[in-house]
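Comments concern the structure below.
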Amino acid sequence: MKEILCLEFVKLSKTYNSNHGGKMLYVFFKDRVKIKSYRTVLFDNMRNFNNWSEVINKAERGDFIDNLNIKLYKGKPIIDADSKPKLITANDMRQIENDLYEQEYGIPYY
């Protein structure tokens, strides 16, 4: 079974020329619960690149990216570039957390 994560977006790397043609860039994430960082590499000439357009064009540090799959690459866990990421802004995440807290305890958190 695949592990699906919601991770905090950290940054995009600069764009590099790929040895396979086209351009490539890294996307960096962090898991605030496990205190662990992750990354994935995207190639603009691959079909999965379009899945990441919202993250590339709109994500800001502190936003969250949901629906990320983990895979092992050379024994290290990385984010699978074939994931279908969903952007959750930091403000939207605060509202979700507040709603969950209010459901649980009957009072707003923020």
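Treat the numbers as computed from the prediction; the structure is a model and nothing was measured.
- Taken from CG in L5 to NZ in K36, the straight-line distance is 10.0 Å, to the nearest 0.5 Å.
- Between F64 and T89 the shortest side-chain heavy-atom distance does not fall below 4.5 Å.
- W52 places no side-chain N or O within donor-acceptor distance of the main-chain N or O of D82, the cut-off being under 3.5 Å.
- Interatomic distance, CG of N67 versus NZ of K84, reported as 9.0 Å (0.5 Å rounding).
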Could you give me the CA-CA distance, side-chain angles and deciding distance for N91 and Q95, then say whether side-chain hydrogen bond (donor to acceptor under 3.5 Å, both in side chains) is met?
-> CA-CA 6 Å; N91 287 335; Q95 186 61 51; over 6 Å; no
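- Counting heavy atoms from C-beta outward, I65 and L87 have side chains that approach closer than 4.5 Å.
- Listed by first then second residue, pairs satisfying salt bridge (charged side-chain N to carboxylate O under 4.0 Å, His left out) with a partner in residues 37-64 number zero, not counting sequence neighbours.
- Residue pairs meeting the side chain to side chain donor-acceptor pair (under 3.5 Å) criterion with at least one member in residues 17-28, sequence neighbours excluded, are N17-K23.
- Residues that satisfy the salt bridge (Lys or Arg N to Asp or Glu O under 4.0 Å) test with K34, not counting sequence neighbours, are E3.
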Side chain to side chain contact (heavy atoms under 4.5 Å, CB included) between L7 and L68, intermediate numbers included | CA-CA 8 Å; L7 298 173; L68 297 172; 4.0 Å; yes
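- Contact detail for P77 and L72: the closest heavy-atom pair is N-CD2, 3.6 Å.
- Under the 4.5 Å side-chain heavy-atom criterion for ILVMFWY residues, no single connected hydrophobic cluster contains both F28 and L25.
- Taking Ile, Leu, Val, Met, Phe, Trp and Tyr as members and joining any whose side-chain heavy atoms lie under 4.5 Å apart, directly or through other members, the hydrophobic cluster of I78 also contains Y73.
- Across F29 and V27, no two heavy atoms sit closer than the pair CZ-CG1, 3.3 Å.
- When every heavy atom of I88 is checked against every heavy atom of I96, the shortest pair comes out as CG2-CD1, 4.2 Å.
- Here the straight-line distance linking atom CE of M93 with atom CG of D66 works out to 7.0 Å at 0.5 Å rounding.
- Residue pairs satisfying the salt bridge (charged side-chain N to carboxylate O under 4.0 Å, His left out) criterion with at least one member in residues 7-22, sequence neighbours excluded, are listed as follows: E8-R32.
- Annotation: the span from L42 atom CG to N50 atom CG amounts to 11.0 Å, rounded to 0.5 Å.
- For residues 78-101, every residue pair satisfying the ring pair (Phe, Tyr, Trp, His ring centres under 6.0 Å) rule, not counting sequence neighbours, is listed here: Y101-Y105, Y101-Y109.
- Minimum interatomic distance between N45 and G21 (heavy atoms only, all atoms of both residues): ND2-O, 3.1 Å.
- Residues M46 and V55 do not share a hydrophobic cluster, defined by chaining ILVMFWY side chains whose heavy atoms lie under 4.5 Å apart.
- Of all heavy-atom pairs spanning S83 and N51, the tightest one is O-ND2, 3.6 Å.
- Across all their heavy atoms, L12 and I56 have their closest contact at CD1-O, 3.5 Å.
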